[in-house]
S.K.: 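Mind having a look at this structure? Questions to follow.
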Amino acid sequence: MPSNDARTLLRTALPTAAAGVIAVAVSAGVAGGKGAIGAAIATVVVICFMGIGLLVLERTAKNLPHLFQAMGLMLYTAQLLLLLIFVAVFKDTTLFNPKAFAATLVALTLVWIGMQARAHMKAKILYVEPDSEAQKPTKSGSSS
């Protein structure tokens, strides 16, 4: 993984994980142990779903730059639909508190998207790849 990709992943995953720890603590206080379990599962789900999406998007940007914008829109739509399906599947579960799970899922998705936007704004990404020294054109003409 190139250093810029790793930096972007760290700048999004770490604040999301920190917000997840806070969500687990708040959910434990509000909904007890099942709330904490729901928030912890939501934290893992968001970091996995969004992390995989970020890696796919970074690879697309490098390999197929002309598809980057369309892929980004399709990827975010697919991620949100998958998260919605995940909430719908577990809405009646007794393994954890579904309200704490859903609230944490939404909050951490917003944290991830915000941190990803911030990481991209702070990144110093070249728009044009600079040529190497060997490929630079030489001046033509005679020197007097």
S.K.: Nearest 0.5 angstrom please: Leu54 CG to Thr12 OG1, how far?
M.R.: 5.5 Å
S.K.: Should Leu81 and Leu105 be counted in the same cluster of Ile, Leu, Val, Met, Phe, Trp and Tyr side chains packed under 4.5 Å apart?
M.R.: no
S.K.: Enumerate donor-acceptor pairs with a distance under 3.5 Å from any side-chain N or O in residues 18-38 to protein atoms, sequence neighbours excluded.
M.R.:
residue : atom : partner : partner atom : Å
Ser27   : OG   : Ala23   : O            : 2.9
Lys34   : NZ   : Thr94   : O            : 2.6

S.K.: So which residues get pulled into Leu64's cluster when ILVMFWY side chains under 4.5 Å apart are joined, directly or through others?
M.R.: Leu67
S.K.: Ignoring hydrogens and angles, write down the donor-acceptor pairs under 3.5 Å from the side chains of residues 71-79, residues two or more places apart or on other chains.
M.R.:
residue : atom : partner : partner atom : Å
Tyr76   : OH   : Gln116  : OE1          : 3.0
Tyr76   : OH   : Gln116  : NE2          : 2.9
Thr77   : OG1  : Leu73   : O            : 2.8
Gln79   : NE2  : Phe49   : O            : 3.1

S.K.: Please round to the nearest 0.5 Å and tell me the distance separating atom CD of Gln69 and atom OG1 of Thr60.
M.R.: 13.5 Å
S.K.: Can you tell me which residue among Met121, Lys122, His120 is in a side chain to side chain contact (heavy atoms under 4.5 Å, CB included) with Arg118?
M.R.: Lys122
S.K.: Using a side-chain heavy atom cutoff under 4.5 Å and only I, L, V, M, F, W and Y, what cluster partners does Ile47 have?
M.R.: none
S.K.: Looking at residues at least two apart in the chain, or sitting in another chain, which of them share a side-chain contact (heavy atoms from CB on, under 4.5 Å) with Leu95?
M.R.: Thr93
S.K.: Under 4.5 Å between any side-chain heavy atoms of Val111 and Val46, yes or no?
M.R.: no
S.K.: What residues join Leu14 in its hydrophobic cluster, counting side-chain heavy atom gaps under 4.5 Å, either direct or through other members?
M.R.: Leu10
S.K.: In this structure, would Leu84 and Leu82 fall into the same cluster of hydrophobic residues linked by side-chain contacts under 4.5 Å?
M.R.: no
S.K.: Please answer: with hydrophobic residues joined when any side-chain heavy atoms are less than 4.5 Å apart, are Met50 and Met115 in the same cluster?
M.R.: no
S.K.: Group every Ile, Leu, Val, Met, Phe, Trp and Tyr by side-chain heavy-atom contacts under 4.5 Å, then state whether Val89 and Val87 land in the same group.
M.R.: yes
S.K.: Report all side-chain donor-acceptor pairs from residues 97-104 shorter than 3.5 Å, counting only partners two or more places apart or in another chain.
M.R.:
residue : atom : partner : partner atom : Å
Asn97   : OD1  : Lys99   : N            : 2.9
Asn97   : OD1  : Ala100  : N            : 3.2
Thr104  : OG1  : Ala100  : O            : 2.7

S.K.: Give the other cluster members for Leu110, using side-chain heavy-atom distances under 4.5 Å between Ile, Leu, Val, Met, Phe, Trp and Tyr residues; answer none if it is isolated.
M.R.: Val106
